[in-house]
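Since the structure comes first, as structure tokens, the remarks are kept for the end.
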Amino acid sequence: MKLPNRLLKATKTIWSKIDPFSLQVRLTVGIATFSAMGLSGVAIWTSWKMQQILVTSQKQNIEFLANRFPHDVEIYSDMVSIETGIQRAINNLTTDKIILWVRNPNQLIIAQSHQLQVDRSSHLLTSQMEPNPQLYKLRERYWVACGASLQVKGKILGKVYIAKDITSEQIMFLSLIKTLGIASLLSIAIITIIIAIYIQKSLKPLRRISAIAKTISANDLGAARLDLERVPSEVKELAQTFETMLLRLSDAWEMQRQFVSNFSHELRTPLTIVSGYLQSTLRRGKNLTPQQQEALSIAISETDRTIQLLQDLLDLARADNGRMHFNIESIILNDLLSEIVGMAVQYSNRVITMKATADIIAAKADRDRLKQVLLNLIDNAVKYSESDQPVIVKLDQQNEQVKIEICDRGRGIPLAQQSRIFERFYRVDENRAKSIGGTGLGLSIVKTLIEGMSGSVTVRSQPEKGSTFTVTLPLAQI
Ligand code: ADP
């Protein structure tokens with residue numbers, strides 16, 4: 001890649017990283033703008049003052065010559081004729097830079113500096129020249145000039161014109177201004193960079209608070225510590241307030257967990273009894289009308305669904321409190337999976353096939369919890385696909401891991417929602433899901449249980465094509 005292209009790409013990357021609404025950018029831009037305004041003001045004022053000093057001193061010089069000239073002529077004219085006296089006075093005052101000429105009242109030149117006989121361009125100034133010295137620009141040259149009336153011994157002889165070439169001083173002054181401008185721009189750039197670095201450093205503690213806050217999960221709310229050393233007192237105060245808020249949140253979270261756990265526990269027992277009574281009433285009630293039977297069936301299924309929901313909540317509350325114990329052992333998965341598939345075929349009345357890559361594949365897991373996980377995933381595969389579509393359970397072994405895949409050809413899950421389905425109570429299509437049943441807690445329990453067994457669960461899915469849930473567990477050597 002060529003250098004300008006690379007530079008352009010690097011600039012684009014830096015630019016895309018800049019957030020115009022961030023405190024850092026706002027403070028930098030604000031302070032840099034004020035510094036730029038201050039520096040530019042100083043530079044402009046300095047230039048104006050320097051120009052004033054330069055031009056004023058030259059004007060005073062010309063004014064002095066204009067006042068002196070009639071006296072010189074008067075002195076010379078005592079010795080020679082008045083015309084010769086004027087010429088001598090001109091010769092006396094003429095230098096490399098100062099030129100003079102005198103016009104009589106008829107505008108005829110009666111005497112002039114010798115340079116003017118060669119270069120007559122300065123005469124062009126005549127019409128503009130005023131009695132008080134002024135700065136003029138003529139053909140890229142700068143002049144301070146004046147045209148004052150020439151009166152000797154009470155007689156008006158015409159007008160004396162005095163012009164001083166200050167081009168070299170002016171050029172020097174302009175280059176000085178240029179240097180001052182460049183120095184100001186450089187200072188502004190350096191100040192901006194220093195301010196940006198300083199602000200970035202000052203905001204570091206805030207970024208640390210934000211980074212720490214991102215890593216805090218519901219389970220370590222109470223244990224989270226910000227530990228910020230040598231930070232400004234305002235940030236320290238913020239960190240302390242934040243820690244106090246986390247502690248309060250932790251207490252509230254703990255109370256909520258306790259409540260859910262107690263509530264689920266207390267409700268589950270009476271509901272189980274209610275379900276039992278309803279079932280026996282339905283079984284024994286010989287003279288029930290079909291409507292009464294249907295009503296009892298609905299009551300049973302709703303009670304069972306509520307019991308399941310309470311059981312799920314209890315499981316999650318136990319996991320949150322760290323009270324969920326796993327009885328980890330080596331399990332031959334080929335056998336366990338055949339048993340689970342057999343059970344699932346019975347209750348779902350679906351074609352569920354199992355494919356294993358080896359005769360014996362064993363994993364380290366809790367038998368009952370793993371059963372619960374796989375039944376849950378197979379149940380979902382059955383629920384979210386058409387009844388004529390098969391469900392496939394695959395068993396594979398990779399390096400130190402065991403992989404169990406539950407594949408269906410159902411409705412699938414949109415990509416944006418795939419990361420959310422493991423959240424509690426999250427359901428992709430709430431309205432459709434309601435008609436299917438379920439609580440929205442199944443997958444979050446699956447994830448909690450699998451992670452409790454040092455495994456992981458992931459999903460690959462395509463809408464209207466199907467989903468594959470993959471459970472990975474540590475391999476066991478037999
Ligand atoms: P639910 O009780 O609603 O099944 P889950 O936690 O088991 O709750 O699943 C959460 C959501 O994920 C479901 O509501 C469903 O939308 C989606 N889902 C889970 N498994 C599948 C699957 N195999 N195919 C399509 N969608 C699924």
Side-chain angles (χ1 to χ4, degrees), residues 6-39 186-258 260 316-317 319-324 415-426 444 447-448 450-452 454-458 472:
R6 257 193 236 167
L7 210 69
L8 202 76
K9 214 174 156 199
T11 319
K12 264 188 192 167
T13 325
I14 294 172
W15 198 246
S16 65
K17 278 187 188 158
I18 293 176
D19 173 10
F21 299 107
S22 70
L23 194 58
Q24 186 184 350
V25 171
R26 282 179 186 205
L27 282 176
T28 309
V29 171
I31 297 175
T33 310
F34 281 118
S35 327
M37 275 161 63
L39 263 176
L186 271 176
S187 315
I188 291 168
I190 292 169
I191 287 175
T192 308
I193 293 169
I194 292 173
I195 289 171
I197 294 170
Y198 182 74
I199 290 176
Q200 194 190 29
K201 258 187 138 180
S202 307
L203 293 177
K204 240 181 192 165
L206 288 183
R207 288 218 183 79
R208 274 199 57 203
I209 293 182
S210 158
I212 295 172
K214 271 185 201 152
T215 59
I216 298 173
S217 69
N219 293 329
D220 48 26
L221 275 175
R225 289 284 167 274
L226 294 172
D227 292 332
L228 296 171
E229 297 275 314
R230 284 186 288 130
V231 294
S233 44
E234 290 88 347
V235 179
K236 205 166 216 157
E237 206 179 309
L238 175 72
Q240 276 164 0
T241 315
F242 189 68
E243 275 182 5
T244 319
M245 189 192 76
L246 285 181
L247 273 177
R248 284 210 302 267
L249 266 178
S250 163
D251 288 348
W253 178 241
E254 186 52 43
M255 268 169 66
Q256 190 205 330
R257 274 201 300 221
Q258 205 56 45
V260 172
L316 284 171
D320 288 342
N321 289 337
R323 280 197 284 118
M324 187 172 265
L415 187 64
Q417 278 145 324
Q418 284 176 21
S419 59
R420 301 207 57 195
I421 53 171
F422 296 99
E423 289 171 16
R424 290 173 194 188
F425 294 110
Y426 189 83
S444 55
K447 191 167 155 49
T448 309
I450 287 295
E451 284 174 359
S454 311
S456 66
V457 56
T458 54
T472 342

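In terms of heavy-atom proximity, Ser187 sits nearest to Leu39 at CB-CD1, 3.7 Å. Closest approach of Pro205 to Lys201, counting heavy atoms only: CD-O, 3.7 Å. When every heavy atom of Ala32 is checked against every heavy atom of Thr192, the shortest pair comes out as CB-OG1, 3.6 Å.
Between the OG1 atom in Thr28 and the CD1 atom in Ile193 there is a gap of 11.5 Å [rounded to 0.5 Å]. Within the model, atoms OH of Tyr198 and CD1 of Ile31 stand 9.0 Å from one another, a figure rounded to the nearest 0.5 Å. To the nearest 0.5 Å, the span separating CG on Leu415 from CD on Gln417 amounts to 9.5 Å. One finds the CD1 atom of Ile199 at 4.5 Å from the CG atom of Leu27 (value rounded to the nearest 0.5 Å). Taking NZ of Lys447 as the start and CZ of Arg424 as the end, the distance is 11.0 Å to the nearest 0.5 Å. For the atom pair OG1 (Thr241) and CE (Met245), the distance works out to 9.5 Å, reported to the nearest 0.5 Å.
With a 4.5 Å cut-off on side-chain heavy atoms, Thr458 and Thr472 do not count as touching. By the 4.5 Å heavy-atom criterion applied to side chains, Val457 and Phe422 are counted as neighbours. A 4.5 Å side-chain heavy-atom check between Leu316 and Val260 finds every atom pair outside the cut-off. With a 4.5 Å cut-off on side-chain heavy atoms, Ser35 and Ile195 count as touching. Contact annotation: the side chain of Met37 approaches that of Thr33 to within less than 4.5 Å [non-hydrogen atoms, C-beta and beyond].
When the shell of 6.0 Å around CD of Glu423 is examined, it contains more than 12 heavy atoms from other residues, nucleotides or ligands.
Counting only distance, with no hydrogens or angles, the side chain of Ser250 and the backbone of Leu246 share no donor-acceptor pair below 3.5 Å.
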